[in-house]
Amino acid sequence: MPGAGIRGEARARWLGTGLLGLFLLPVSLSLEVSVGKATTISAVNGTEILLPCTFSSCFGFENLRFWWSYNSSDTFKILIEGTVKNEKSDPKVKSKDNDRITLEGSTKEKVNNISILLKDLEFSDTGKYTCHVKNPKENYLQHQATIFLHVVEKLEEVDNTVTLIILAVVGGVVGLLIFILLLKKFITFILKKAQEKKKECLVSSSGNDNTENGLPGSKAGEKPPTKV
Ligand SMILES: *[C@@H]1O[C@H](CO)[C@@H](O)[C@H](O)[C@H]1NC(C)=O
Ligand SMILES: *[C@@H]1O[C@H](CO)[C@@H](O)[C@H](O)[C@H]1NC(C)=O
Ligand SMILES: *[C@@H]1O[C@H](CO)[C@@H](O)[C@H](O)[C@H]1NC(C)=O
């Protein structure tokens with residue numbers, strides 16, 4: 001049977017994909033903690049800033065523990081900690097380092113949001129903020145994500161110099177390419193025209209011009225004027 005080999009091969013491939021899936025599954029479905037795309041945030045002193053953190057677990061959770069820690073060169077402390085009973089409840093704060101911190105967000109929605117809001121920012125708030133989540137339902141698996149906060153006196157203007165230089169270079173290169181293409185087209189055009197002209201000349205010399213030495217009227221001049 002010619003089809004048997006192909007079918008067997010297809011089954012083997014299916015099995016391979018399935019096994020690969022089994023290996024990938026636990027990794028992609030377990031507890032995940034994220035602080036979003038920006039891992040460094042700058043904020044002005046005296047203002048407030050939201051430090052984002054979300055988590056997800058496809059196994060679900062029960063009596064999940066979460067906490068935010070702060071770490072700078074000379075300090076380490078737990079800023080806020082709490083629990084979430086299950087997917088249908090909001091987080092409960094158990095303790096807080098100070099009143100400038102509040103827990104924002106909800107764990108009832110699709111995304112479990114345990115972001116914190118930091119008010120009246122001081123320069124000494126600069127440091128590493130880590131959001132930790134521990135899930136008893138997943139063998140007390142603990143995951144964390146870190147965000148770096150920089151408290152500044154003034155937000156720097158976004159420095160566009162590099163972008164401008166890149167744009168200028170890219171623009172220059174593109175311009176040059178277009179110029180080269182146009183130049184090529186122009187040269188081809190000129191060459192074509194020149195060739196056409198040459199052809200025309202060849203055609204005309206063989207078809208219309210019947211002067212023998214190429215100088216029109218010279219034949220007539222050769223004849224000595226006849227005088228009577
Ligand atoms: C931020 O710090 C600067 C320098 O210490 C100070 O002059 C300014 O008043 C502060 N701003 C706020 C809103 O506290
Ligand atoms: C705090 O950060 C420092 C420097 O990054 C690191 O060496 C230290 O282990 C951290 N401390 C804790 C408790 O995570
Ligand atoms: C989390 O909650 C805060 C406060 O409600 C909100 O500003 C933020 O956008 C939320 N983050 C996500 C990813 O939903």
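All values derive from a computational prediction rather than experimental measurement.
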(message) Please determine whether the number of non-hydrogen atoms from other residues, nucleotides or ligands lying under 6.0 Å from atom CZ of Phe179 exceeds 12.
(response) no
(request) Using a cut-off of 6.0 Å, state whether more than 12 heavy atoms not belonging to Glu104 lie near its atom CD. (result) yes
(request) Determine the minimum heavy-atom distance between Cys53 and Trp68, stating which atoms define it. (result) CB-CZ2, 3.3 Å
(request) Work out which heavy atom in Pro52 is nearest to a heavy atom in Ser115; give both atom names and the distance. (result) CA-OG, 3.4 Å
Do [X] and [Y] come within less than 4.5 Å of each other through their side chains, counting heavy atoms only?
| X | Y | answer |
| --- | --- | --- |
| Ile78 | Asp97 | no |
| Ser30 | Glu138 | yes |
| Leu79 | Ser69 | no |
| Val44 | Val151 | no |
| Thr146 | Tyr129 | no |
| Lys119 | Thr102 | yes |
| Ile147 | Ile41 | yes |
| Pro91 | Leu103 | yes |

Kindly compute the distance separating [atom1] ([X]) from [atom2] ([Y]), expressed to the nearest 0.5 Å.
| X | Y | atom1 | atom2 | answer |
| --- | --- | --- | --- | --- |
| Leu31 | Gln144 | CG | CD | 11.0 Å |
| Cys58 | Glu32 | SG | CD | 7.5 Å |
| Thr107 | Asn113 | OG1 | CG | 9.0 Å |
| Ile101 | Leu117 | CD1 | CG | 10.0 Å |
| Leu167 | Thr163 | CG | OG1 | 7.0 Å |
| Ile49 | Leu121 | CD1 | CG | 7.0 Å |

(request) Run the numbers on Lys134 and Leu141 for side chain to side chain contact (heavy atoms under 4.5 Å, CB included), then give the verdict. (result) CA-CA 6 Å; Lys134 200 172 197 170; Leu141 188 66; over 6 Å; no
(request) Applying ring pair (Phe, Tyr, Trp, His ring centres under 6.0 Å), name anything that partners Phe66, two or more places apart in sequence or on another chain. (result) none
(message) Going by ring pair (Phe, Tyr, Trp, His ring centres under 6.0 Å), name the residues that satisfy it together with His143, two or more places apart in sequence or in a different chain.
(response) none
(request) Please check if Phe123 and Leu51 belong to a single hydrophobic cluster, counting links between Ile, Leu, Val, Met, Phe, Trp and Tyr side chain heavy atoms closer than 4.5 Å. (result) yes
(request) Indicate if Leu177 and Val169 have the same hydrophobic cluster label, given that clusters are the connected sets of ILVMFWY residues with side-chain heavy-atom separations under 4.5 angstrom. (result) yes
(message) Under a 3.5 Å distance rule, please check whether Thr75 uses its side chain to pair with a backbone N or O of Asn71 as donor and acceptor.
(response) no
(request) Could you tell me whether Glu81 and Lys96 make a salt bridge, using a distance below 4.0 angstrom between a side-chain N and a carboxylate O? (result) no
(message) Strictly below 4.0 Å, N to O, side chains only: are Arg100 and Asp120 in salt-bridge contact?
(response) no
(message) Is the terminal nitrogen or CZ of Lys137 (NZ for Lys, CZ for Arg) located under 6.0 angstrom from the six-membered ring centre of Phe59 and within 45° of that ring's axis?
(response) no
(request) Please report the C-alpha distance between Val93 and Ile80 in whole Å, then the side-chain angles of each, then the deciding distance to 0.1 Å, and finally whether the side chain to side chain contact (heavy atoms under 4.5 Å, CB included) criterion is met. (result) CA-CA 7 Å; Val93 175; Ile80 189 167; 3.8 Å; yes
(request) List the steps and the verdict of side chain to side chain contact (heavy atoms under 4.5 Å, CB included) for Asn112 and Val133. (result) CA-CA 11 Å; Asn112 298 299; Val133 177; over 6 Å; no
(request) Taking atom types as modelled, find out whether Thr47 and Asn45 have a side-chain donor-acceptor pair closer than 3.5 angstrom. (result) no
(request) With Asn135 as reference, evaluate Phe61, Phe55, Tyr140 under the side chain to side chain contact (heavy atoms under 4.5 Å, CB included) test and give the passing residue. (result) Phe61
(message) Between Thr126 and Leu149, is the side chain to side chain contact (heavy atoms under 4.5 Å, CB included) condition met? List the steps.
(response) CA-CA 5 Å; Thr126 294; Leu149 176 68; 5.9 Å; no
(request) Tell me, please, which residues at least two apart from Lys108 pass side chain to side chain contact (heavy atoms under 4.5 Å, CB included). (result) Asp90, Ser106
(request) If the plane angle is over 60° it's perpendicular, under 30° parallel, otherwise tilted; pick one for Trp67 and His132. (result) parallel
